Amino acid sequence: MNVHIEKAQAILRANDKGGYTVPTARLYPFQWNWDSAFVAMGWQTFDEPAAWREVESLLEGQWDDGMLPHIVFHTASDQYFPGPDVWGTHHAPPTSGITQPPVLASAVARLIAKAHDKDLAEAKAAAIYPRLLANHRWWSRARDPHQTGLVAVLHPWETGMDNSPAWDTAFARVPTQTTTVVKRRDTSHVDAGHRPHDIDYQRFIHLVDCYREAGWDPARMWKAAPFKVADVSINAILARAEADLLGLAVSYGTAAEQAEIAQRAAQMKQAIATLWQPKLGLFGSHDLIADAPIEVATSAGFLPLYADAADAAQVASMGATLDRWRAQVRVLVPSTPPESPVFEPLRYWRGPVWAVVNWMIADGFARAGDAVRAQQILAATRSAIEQAGFGENFDPLSGVAGGGGTFSWTAAIYLLLT
Ligand code: GLC
């Protein structure tokens, strides 16, 4: 076996805390929502029961209204801020009160499609399907109350791309005062230069305070939200997840549920089309408070490919955009391209390459019939990991690893690539 596969498997085993996998030791000592979806797919390549356990333990955090929290605090740890006391959500097990990109239904569909143990997969999927349906209904009800076809995020952490420059203008409107005392722990674990700034944390926590004061009630949060964005990435991921959930509904759901999911999936795809930005040669997010398109190029802008939501001309235009970015970097796909005035090669979502995003973009190009670009992205991801290790992300210019080390989702993606 290739030594990197052995290392990737060892990372998942080491980060397994007994049924759930932490993203990395110390920096992220709990279970994270979209990390776990990717990690479950990685587990399946060598330990199928562990893959299903990962999904089930994430669902232990699901709320009665269907919301799937971004963090499940299975055990206490003083290594992370903000912990359960700051969120104050009163769920058992304790959770955060916001969500993250809904990759889970797509991960479960893949676990079923690739299952070796078909009986196990059948039994698990039948029990999990209603939970996924409840989650997608929550997105539609809580985050698209006016039924526009686009769901909104109320906190940059929900996008999974915490400090993306796409949020700069919308996020600058968020006040910096907090009722919670901000005691960052992240910068004692990794280089502060790879992390968001202190002022970003003031705003992140202002939003947590605001929603906690709204009792984590979706309607009150929607009204109170000083940050409300139709993120292109979340919408593409959810549109794809709806299509994958429809496949599950054929086996485990009713005809009425199939019709409901198909209707949402179709409406989302149409709405995503409105996010096309010809000047960028990419899709982009929409700031719902300013009612303005966010004209900032980031790797999220390729993700409608992953939802089959781009037409042929858009696919060609995104191909040209990718080629232009490739000429500027050593490793594709930078989260923000070097040509951007706000590019920072190692600061989190403002430049670094993320393996999970690459995997979805490559899948999208492949689905659109562009196998060449799909392969370029996959090969770049594989060689970045082989050369620099299983970092949280990679500097697109030098290829060095950034953020935390021995990272679970980077290991999981490597396992999916080999
Ligand atoms: C950071 C990332 C987010 C990820 C989490 C755990 O907050 O921005 O996408 O889920 O770390 O890895």
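Residue numbers count from 1 along this sequence. On a predicted model such as this, the values are computed, not experimentally measured, just so you know. Counting convention: from 1, in listed order, for ligands and their atoms alike.
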Give the ring-plane orientation class for Trp63 versus Trp216, where under 30° counts as parallel, over 60° as perpendicular and anything between as tilted. perpendicular
Which of the numbered atoms in ligand 1 are below 4.0 angstrom from a heavy atom of Gln100? 3 (C), 4 (C), 9 (O), 10 (O)
Out of all atoms in ligand 1, which are within 4.0 Å of some heavy atom of Tyr348? Include the element for each. 1 (C), 2 (C), 7 (O), 8 (O), 11 (O)
N or O pair under 3.5 Å between Asp35 and ligand 1: yes
Donor-acceptor under 3.5 Å (Thr21 side chain, Asp16 main chain): no
Looking only at heavy atoms, is any part of His70 under 4.0 Å from ligand 1, and if so is it the side chain, the backbone, or both, or is it neither? neither
What protein heavy atom lies closest to atom 8 (O) of ligand 1? Include the residue and the distance to one decimal. Asp162 OD1, 2.6 Å
Heavy-atom donor-acceptor pair, Ser36 side chain to Glu54 backbone, under 3.5 Å: no
Would you check the N or O atoms of Glu392, main chain and side chain alike, for any that come under 3.5 Å of an N or O of ligand 1? no
Check each atom of ligand 1 against the heavy atoms of Trp409 and keep those under 4.0 Å away; list them by number with element. 4 (C), 9 (O), 10 (O)
Val353 and Val333, any side-chain heavy atoms less than 4.5 Å apart: no
Over 60° means perpendicular and under 30° means parallel, so tell me whether His155 and Trp87 are parallel, tilted or perpendicular. tilted
Could you work out, with side chain to side chain contact (heavy atoms under 4.5 Å, CB included) as the rule, every residue matching Thr148, not counting sequence neighbours? Asp144, His146, Leu150
What salt bridge (Lys or Arg N to Asp or Glu O under 4.0 Å) pairs are there with at least one residue in residues 157-168, not counting sequence neighbours? Arg143-Glu158, Asp168-Arg350
Of the side chain and backbone of Trp157, name the one, both, or neither that has a heavy atom under 4.0 Å from an atom of ligand 1. neither
Using atom types as modelled and distance alone, determine if a side-chain donor or acceptor of Thr418 lies under 3.5 Å from a backbone N or O of Tyr414. yes
List ligand 1 atoms under 4.0 Å from Phe407, heavy atoms only on the residue side. 12 (O)
Find all atoms of ligand 1 within a distance of less than 4.0 Å from any non-hydrogen atom belonging to Trp34, and give their numbers and elements. 3 (C), 4 (C), 9 (O), 10 (O)
By number and element, which atoms of ligand 1 are closer than 4.0 Å to a non-hydrogen atom of Gly160? 2 (C), 3 (C), 8 (O), 9 (O)
Are any of the heavy atoms in Trp354 under 4.0 Å away from ligand 1? no
